[in-house]
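One structure is given here, and the rest of the page talks about it.
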There are 2 protein chains.
Amino acid sequence: MNLGAHNKNERHLTEKLSTSGFRFTPQRQSVYDVIMHKRDHPTAEEVFIRAKKQMPEISHATVYNCLDALVKSGLIRQVQLERGATRFCPNMEEHCHYHCGACGKVFDMALPKNFTDMPQPKGFKADHYDIAVHGLCADCAGKRKN
Amino acid sequence: MNLGAHNKNERHLTEKLSTSGFRFTPQRQSVYDVIMHKRDHPTAEEVFIRAKKQMPEISHATVYNCLDALVKSGLIRQVQLERGATRFCPNMEEHCHYHCGACGKVFDMALPKNFTDMPQPKGFKADHYDIAVHGLCADCAGKRKN
DNA sequence: GTGCCTCTTTAGAACTATTCTAAATCTTGA
DNA sequence: TCAAGATTTAGAATAGTTCTAAAGAGGCAC
Ligand SMILES: [Mn+2]
Ligand SMILES: [Mn+2]
Ligand SMILES: [Zn+2]
Ligand SMILES: [Zn+2]
């Protein structure tokens with residue numbers, strides 16, 4: 001394991017948290033780590049399960065609080081792809097989500113430049129974009145045909 | 001009130017329902033009507049409240065069932081803009097949603113042609129796009145500054 | 001270092017949105 | 001006319017999230 005990279009991540013976490021008025025805590029570190037480690041799109045419940053492995057005493061409410069702090073600090077993104085549990089995304093680049101309705105998998109795809117230049121309601125002050133494509137992933141599309 | 005238009009809507013409803021394997025029912029009509037009438041983005045609960053005015057005996061579960069049937073028949077769209085209740089949209093044109101995080105208002109904007117030509121994961125079979133822009137509407141952006 | 005204020009965590013209760021269940025009712029079509 | 005299946009209903013159950021109150025920890029003034 002690369003200790004340099006580890007320290008760099010921790011500095012980044014501490015900085016981003018504190019500029020948003022949050023303190024560094026081991027729980028926030030832990031939640032951040034599990035999301036950054038397996039770069040998928042887990043629900044709060046999945047984050048809770050993973051975080052418990054490193055920190056068995058962590059509570060449900062804390063996971064929600066930490067996720068909220070991380071989102072507000074611009075360290076992770078919140079995505080609402082469908083009815084039900086919110087998911088969290090470690091990728092802070094501009095990207096869109098391809099969501100397979102059969103297996104639930106989520107794929108990140110970078111967006112073309114100027115993609116978000118679109119007509120706006122007069123005076124609207126845009127903060128962020130959520131672009132999702134729903135359908136079937138290659139595997140599931142194959143299975144359906146047979 | 002224009003009876004011609006009313007009958008046309010009802011024919012459209014019946015046709016779309018039946019091609020998806022659903023029957024026409026007064027409850028489905030009622031739910032469809034309240035969504036088409038005030039062309040906003042209500043939650044299931046709001047639809048329930050409005051539908052009760054015309055049909056006081058309608059139940060909660062039926063509103064959910066009807067909304068589901070209408071979505072599956074391609075008569076309305078389901079949109080998940082944030083954590084919490086799902087909203088429903090009467091506009092079946094390709095459009096995106098501008099969502100004000102302060103007052104909750106939702107604005108439809110038509111999408112430019114070819115907007116949805118974007119890089120795809122290999123083999124992905126896209127069904128539909130959900131494009132949302134989160135921020136502040138003109139009114140709320142004004143209030144914040146003052 | 002001590003005290004004080006605020007932030008954070010915790011367990012569990014509460015709440016909100018949605019789905020499920022089982023019985024009654026309605027529709028369709030043999 | 002009757003059986004089979006679809007639909008509606010009230011209320012129970014479930015899932016996901018937020019709230020609450022008490023305990024713990026960190027930072028700062030003195
Ligand atoms: Mn992502
Ligand atoms: Mn809309
Ligand atoms: Zn799939
Ligand atoms: Zn607003």
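Naming: A, B, ... by sequence-line order, numbering from 1 per chain. All of these numbers come straight from a predicted model, not from anything done at the bench.
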Shortest non-hydrogen separation from B/L75 to B/M36 and the atoms involved: O-CE, 3.6 Å
Nearest heavy atoms of B/C140 and B/C100, plus distance in Å: SG-SG, 3.7 Å
Separation of [X] atom [atom1] from [N] atom [atom2], in whole Å?
| X | N | atom1 | atom2 | answer |
| --- | --- | --- | --- | --- |
| B/I49 | C/dA17 | CD1 | P | 10 Å |
| A/F24 | D/dG27 | CZ | P | 11 Å |
| A/E46 | D/dA15 | CD | P | 14 Å |
| A/Q27 | C/dA11 | CD | P | 11 Å |
| A/R28 | D/dA25 | CZ | P | 16 Å |
| A/L17 | C/dT8 | CG | C1' | 12 Å |
| A/F48 | D/dT18 | CZ | P | 16 Å |

B/H60 and B/F48 aromatic ring geometry - parallel, tilted or perpendicular at 30°/60° bounds: parallel
Those residues of residues 57-83 of chain B lying under 4.0 Å from DNA chain D by at least one heavy atom: B/E57, B/I58, B/S59, B/A61, B/T62, B/N65, B/R83
Among C/dT10, C/dT18, D/dT9, the one nearest B/A85 by side-chain distance: C/dT18
Nearest-nucleotide pick for B/T25, side chain only, options being C/dC7, D/dT8, C/dT9: D/dT8
B/R23 vs C/dC26: side-chain N/O to OP1/OP2 distance below 4.0 Å: no
Distance-only side-chain donor-acceptor flag, B/Q80 / A/E82, under 3.5 Å: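 There is no such pair between these side chains.
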Residues B/D108 and B/H41: side-chain donor-acceptor under 3.5 angstrom: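 Yes, because at least one side-chain N or O of B/D108 sits under 3.5 Å from a partner of the opposite role on B/H41.
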Whether over 12 other heavy atoms sit under 6.0 Å from A/K52 NZ: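 Yes, enclosed.
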Sugar-phosphate only, base, or nothing, as touched by B/T86 at under 4.0 Å among non-hydrogen atoms: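 The residue B/T86 makes sugar-phosphate contact but no base contact.
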Electrostatic pair B/R50-B/D40, nearest N-O below 4.0 angstrom: yes
